[in-house]
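Bear in mind the structure is a predicted one, so any value in this text is a computation, not a measurement.
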Amino acid sequence: MKEIVIPFATGLAIFLFGMQLIRVGMEELTAHRMQHFLLRFTKTPIRGFGTGLVATLFLQSSSAVTILTIGFVNAGLLTFAQTVGIILGTNVGTTVTTEILALKVEDFALPLILTGAAFYVLPWKKIAALGLAIGGFGCIFLGMEAMQWIAEPMKNRGWVAALLDSGYHPVFSGILSGILLTAIIQSGNAVIAITMGFFATGLVPLPFAIAVVLGSNVGTCITAFLASIGTERAAKQVALAHLLLNVGGLLLFLPWVGTIAGVAHWLSNNPATQIAHIQTLYNLICSLAVLPFASSFARMVSRILPEQNPSWSLSRPRSHPLFKWHQ
């Protein structure tokens, strides 16, 4: 048992620590201008989409951007309608880390960590922040490699085989696994990294891995719901929109899992890269499909969860020195 628990817990801790280092380093590099960026560039759904994508790319966490967005809406600095584009952008931005992981750069983990440490001790603040980000990437590569060590012990114990042979369809087992693991770990990227490693070592079949990708997107919604507890109704609308978008994408792609698995070899010969590309295409297609209808989707969510204060307009945020709304 310890040959599974210890490497997995260690690898996961290193991976999540690396994600945190990247986030802190990027925030220092941008000197907290990311908040101004989120507030300023959301005039249209397309601009909101780009804002969410770039913010997630820098913060390395779609959940962090979603929580920031909920906070801004709750404070009246953004309207709910403005956030739909941001949410769609975060779903695409989160795939960047997965694509980087698929490059098989585990051999660079230690050099990146050492380079980051060397930069961090330098007396210049920006260089030190860059060192944190570089070291963070080294940590996530090292953590991913450590988590792959459990594949052989798990295969020998037959746990995954028992799960797949338990009578439940592998696709539904994968979806449930993706939702639960992401809700527990609070990192969709970590779950995808684990799945990429398991599939690359032959521990799980491709349909199961694809289903985990679909489920992990839904699992990330738990963070938004936790952040919306005790907030204004508009902030709760953001959490509901996040859930509806990800559940809708899951239901849209669910019937096509077998087809996707059948054509995955066209995307890449590398198993881990196949998972990364599938996640990217899935999030990109879902987001771009909804983007032209972002305003209509916002109105639908507002009908499902209407504002409690009728005097508050869906289309006008409260004034803020960083943000001026133009009709």
Side-chain angles (χ1 to χ4, degrees), residues 1-25 59-64 67 94 97-98 100-114 116-117 120 132-164 166 173-205 208-209 211-213 215-223 226 271-272 275-276 279:
M1 187 70 175
K2 65 181 180 180
E3 71 272 17
I4 295 176
V5 174
I6 293 176
F8 179 77
T10 303
L12 180 60
I14 295 172
F15 186 98
L16 295 177
F17 178 67
M19 296 289 289
Q20 185 66 21
L21 286 181
I22 296 172
R23 192 175 310 154
V24 172
L59 296 182
Q60 287 294 300
S61 172
S62 60
S63 296
I67 290 171
T94 194
T97 302
T98 309
I100 294 174
L101 290 174
L103 296 177
K104 303 297 291 181
V105 290
E106 292 90 343
D107 293 341
F108 296 98
L110 186 57
L112 285 172
I113 292 173
L114 294 176
Y120 183 70
L132 282 178
I134 293 173
F137 274 108
C139 286
I140 65 173
F141 299 148
L142 182 61
M144 182 178 177
E145 186 176 15
M147 286 187 288
Q148 291 183 22
W149 295 343
I150 72 171
E152 193 63 31
M154 288 188 68
K155 186 183 296 185
N156 293 336
R157 286 179 176 267
W159 290 354
V160 177
L163 172 65
L164 297 175
S166 61
S173 298
I175 290 173
L176 184 59
S177 299
I179 293 173
L180 293 178
L181 277 176
T182 306
I184 293 170
I185 298 174
Q186 292 289 292
S187 173
N189 283 331
V191 173
I192 300 299
I194 295 168
T195 306
M196 288 165 61
F198 283 4
F199 176 57
T201 56
L203 190 61
V204 297
F208 182 90
V212 172
V213 171
S216 67
N217 271 34
V218 177
T220 59
C221 299
I222 186 65
T223 307
L226 291 174
I275 301 300
Q279 186 207 18

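For Thr182, there are no side-chain hydrogen bond (donor to acceptor under 3.5 Å, both in side chains) partners at least two apart in sequence or on another chain. By the side-chain hydrogen bond (donor to acceptor under 3.5 Å, both in side chains) test, Ser63 is found to be paired with no residue, residues two or more places apart in sequence or in another chain being considered.
Between Phe199 and Val204, the shortest heavy-atom contact is CD1-O, 3.3 Å. Nearest heavy-atom pair across Pro271 and Ala200 is CB-CA, 3.8 Å. Residue Ala209 comes nearest to Ile275 through the heavy atom pair CB-CD1, 3.5 Å, listed as atom of the first residue, atom of the second, then distance. In plain terms, the two heavy atoms of Met196 and Ala272 that are nearest each other are CE-O, 3.6 Å. Scanning all heavy atoms of the two residues, the minimum distance from Ile192 to Thr98 falls at CG2-CG2, 3.5 Å.
Once rounded to the nearest 0.5 Å, the distance linking CD1 of Ile179 with OG1 of Thr220 reads 10.0 Å. Here Thr94 contributes atom OG1 and Asn217 contributes atom CG; the two are 8.0 Å apart, rounded to the nearest 0.5 Å. Atom CG of Leu226 is separated from atom SG of Cys221 by 11.0 Å, given to the nearest 0.5 angstrom. Rounded to the nearest 0.5 angstrom, Asn189 CG and Gln279 CD are separated by 6.5 Å. To the nearest 0.5 angstrom, Ile140 atom CD1 is 5.5 Å from Thr97 atom OG1.
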Show every donor-acceptor pair shorter than 3.5 Å between a side-chain atom in residues 5-21 and any protein atom, with sequence neighbours excluded, or say none if there are none.
from: Thr10; atom 1: OG1; to: Ile6; atom 2: O; distance (Å): 2.7
from: Gln20; atom 1: OE1; to: Arg23; atom 2: NH1; distance (Å): 3.1

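Under the 3.5 Å distance criterion, the side-chain polar atoms of Ser216 are matched with a main-chain donor or acceptor of Val213.
Between Phe141 and Ile100, some side-chain heavy-atom pair lies under the 4.5 Å cut-off.
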